[in-house]
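Atoms within a ligand are numbered from 1 in the order they appear, just like the ligands themselves.
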Amino acid sequence: MTMLVSPRFLDDLKHNAAQPMQPAIIGTIKALLSHPQATGLQVRRLDLMDAWYCRVNDNWRMLFRWGSNREPMLLRVVPHSVFDRLTARDIGTHDLLNWELEPQATAPSLPVDFQVPDAWNHPQSGADFPLRAFTVHQLRLLGAPAPLAHALRDAPTLDDALCLPGLPLRTHEWLLALATDPSEPLTDPFRVFKRASLEQLDAYTRGSIQDLLLGLADEQRHHVDRIHTGATLLKGVAGSGKTTVGIHRAVRLAQAGRQVLFITYNPVLQRVTRSLVQEVTGTLPPTLRIEDYRHWALHMLGAAGVQHVLVDRDQALQFIRQAIDEVRTQRHSAVLARAPEFFYDEIQRVIKGFGLPDMDAYRQAPRYGRKQALSPLSRAVVWEVLSAYNAQLQAHGLMDWGDVVTRMYRLLLDHPELEVVDDVVVDEAQDLTPLELRVLQRLTRGQGTEHKTVLVLGDAAQSLYSRGFSWKQVGLDIRGRSYALKINYRNTREVVRTAADLASRNVHLKEHGELIDMTSVKRIGPRPVLMRFAESHLIKRFVIEEITRFREENLLRLRDIAVIATTEGLAQEYAYALTKQGIPTDHWDPVQEDVDVLRESVKVMTINTAKGLEFPVVMLVGLDAEHLGALGAETEREERDILMERERMRFYVGMTRSGELLYLLATEGKATPLLRELSGIDIREGL
Ligand SMILES: Nc1ncnc2c1ncn2[C@@H]1O[C@H](COP(=O)(O)OP(=O)(O)OP(=O)(O)O)[C@@H](O)[C@H]1O
């Protein structure tokens, strides 16, 4: 890898740095490149010289400036005594040179058998054996290769430990951070131990906690352990641990022998939830079922002998077009000029979604927004379109999803024995319709249902499918059992700030009392990076090059990286392009059955599919107005605002999937207007 360095830096390396210093210097440079916020580096600004410096080891410091791509341009590397006397003249920045980081330093070979140097057997004064308190197991958890774990414990000083050949960069950073600031929780992009404190890590290695996921906060644990009857709503900002709470609760109840049903929104989430449960328990408890809603519902209908052939979305839209034309021959109404997608949403999410039996109920149905978005007259026209559409379905012997759920609800009223469960946990509930939720609530109603529970998990700020969503409208019977989790554990402080600012622009969400203030756990990371490129194919090139860089430099595993696109077509294009470059890639579509989170591959999917998931590195692509923030021909101000709010939520969901690094990649001149609403981002030049 090529770095920009001053001639004085090379002199320092050649003349001053004794040979054993080289690995420490190289290690520090690599840490600056990959993780400049690492506590152990102690990066500080030197205002007088408009430069920065960091710790190399107990005796040496390195002086540098940040380049335009946040890469360090190296100026000097010197002992403290020299550093303290440096003046601007000693920097020598005039002509920076290209310097090749030694290949052998980039990929150090692992020592097969490390021989303890003689000097270690006769340590000088000042030896404090800083890592002796660690067990070999802990050091292995921190990534120390097996041949080095014992040597690390025996190292008389921190510098001796950090100079060991073959110590992975990440381990180097962690040891440095632990030695210089033991109170700082470690951040693990590989998710080996999440964000564990040293005590948790210690307890884990002693086997006194089963899994580090069990480091739940008190308020989360409360919802895992609570015994109650009926439904509880647990709202929470993105990354606040809703799914985590749901999983722990489900496992706990199932292990106590109760019949538990965990409902996810789609098959991808079903698969991921299943592997998270396995992470927690080893094997799935026999009384715990994890199902995606659609699969579960259709299976139940089938088991009850109800014949059904489902209409697909395209065909439903075609029927709606015909229905609109039909109504147009008898009526003039502005509402008929609206897109078929509007009627589709209105029928699926409002009329059938709420289970409204007749036009009167539809007329009185509360609407999202500030005022009556649809006049009673317009609603009468929508109802006529609905009737014509239903007639089409019937003529073709088809049902739509709303009909399926209505049938299920009625079926359960008459035959509660069809599905016997003690506890239901439903995740991402903001995207279910009120009737879908009522079906689940039904499972814990009726005779003999004391002590049956439903835990509803969701976040109105992440509702991707309805034209606005509020819990009040859903009409869940929760009798005051509604709680909110406000702390985001997933994202860095920087991503939380940008995302929270964006969400706060959703005025309707605020007015419905659904905007929960998001706080971060103050985990520091780089600011989200926004890059604009002249052409969209250059974004693809950048994504490929960046992933290749991560791979070559062994900075991340491939499975830590997700490319998240605004459309399914784009996701397919990216999956194809990455695969063509020989990068192992998995394309997940929303109904994907073959989902292996642990497979060593880059994951490519749309924002909608990524809902509920997380990856250390997220590259958001397709941030063009055409794909995000495009509203079609909607003219009514309020309708436009509500639709824009939905687009903003989609963007918010995409951003909050990233654990460490977030790239926002757009094309110059075509970018979505939502980019202008972002704060706290780094803007970099694309290619
Ligand atoms: N108390 C905690 N301490 C540390 N990490 C936590 C804690 N609770 C949850 N996490 C971690 O935070 C991340 C987000 O958790 P989870 O996916 O359960 O959140 P969520 O609220 O369901 O998110 P979203 O709504 O965005 O899908 C996960 O990596 C989880 O392991």
For ligand 1, is [X] a contact, meaning one of its heavy atoms is under 4.0 Å away?
X: Arg657; value: yes
X: Gly612; value: yes
X: Leu457; value: no

**Q.** With sequence neighbours excluded, residues passing side-chain contact (heavy atoms from CB on, under 4.5 Å) with Glu341
**A.** Arg313, Leu317, Ala339
Q.
Within the 3.5 Å criterion, strictly below it, is a donor on Asp423 or Thr453 matched to an acceptor on the partner's side chain?
A.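 Distance-only check passes for Asp423 and Thr453.
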(Q) Quiz question: by atom type and distance under 3.5 Å, do the side chains of Gln430 and Trp471 form a donor-acceptor pair? (A) no
Atoms of ligand 1 close to [X] [distance to a heavy atom under 4.0 angstrom, numbered from 1]:
X: Thr244; value: 9 (C), 15 (O), 16 (P), 18 (O), 30 (C)
X: Glu428; value: 27 (O)
X: Gln462; value: 24 (P), 25 (O), 26 (O)
X: Ser240; value: 19 (O), 20 (P), 21 (O)
X: Glu614; value: 13 (C), 14 (C), 28 (C), 29 (O)
X: Ala217; value: 1 (N)

Minimum-distance pair of heavy atoms, taken over all atoms of [X] and [Y]:
X: Leu661; Y: Pro526; answer: CD2-CG, 3.2 Å
X: Arg349; Y: Asp431; answer: NH2-O, 3.1 Å
X: Val224; Y: Arg249; answer: O-NH1, 3.3 Å

May I ask you to check if ligand 1 and [X] share an N or O to N or O distance below 3.5 Å?
X: Asp427; value: no
X: Gly239; value: yes
X: Gly241; value: yes

Q: Please confirm whether Lys603 makes a cation-pi placement over Phe615, using NZ or CZ under 6.0 Å from the six-membered ring centre and within 45° of the ring normal.
A: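 No, a cation-pi geometry is absent between Lys603 and Phe615.
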Q. Is ligand 1 under 4.0 Å from a heavy atom in the side chain of Lys611, in the backbone, in both, or in neither?
A. neither
Q: Using a 4.0 Å heavy-atom threshold (strictly under), name the region of Val237 that reaches ligand 1: side chain, backbone, both or neither.
A: backbone
Q) Hey, which of Tyr465, Trp296, Tyr293 is the one that makes ring pair (Phe, Tyr, Trp, His ring centres under 6.0 Å) with Tyr265? A) Tyr465
Q | Under the salt bridge (charged side-chain N to carboxylate O under 4.0 Å, His left out) test, residues paired with Arg438 that sit two or more places apart | A |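 Salt bridge (charged side-chain N to carboxylate O under 4.0 Å, His left out) list for Arg438, sorted by chain: empty.
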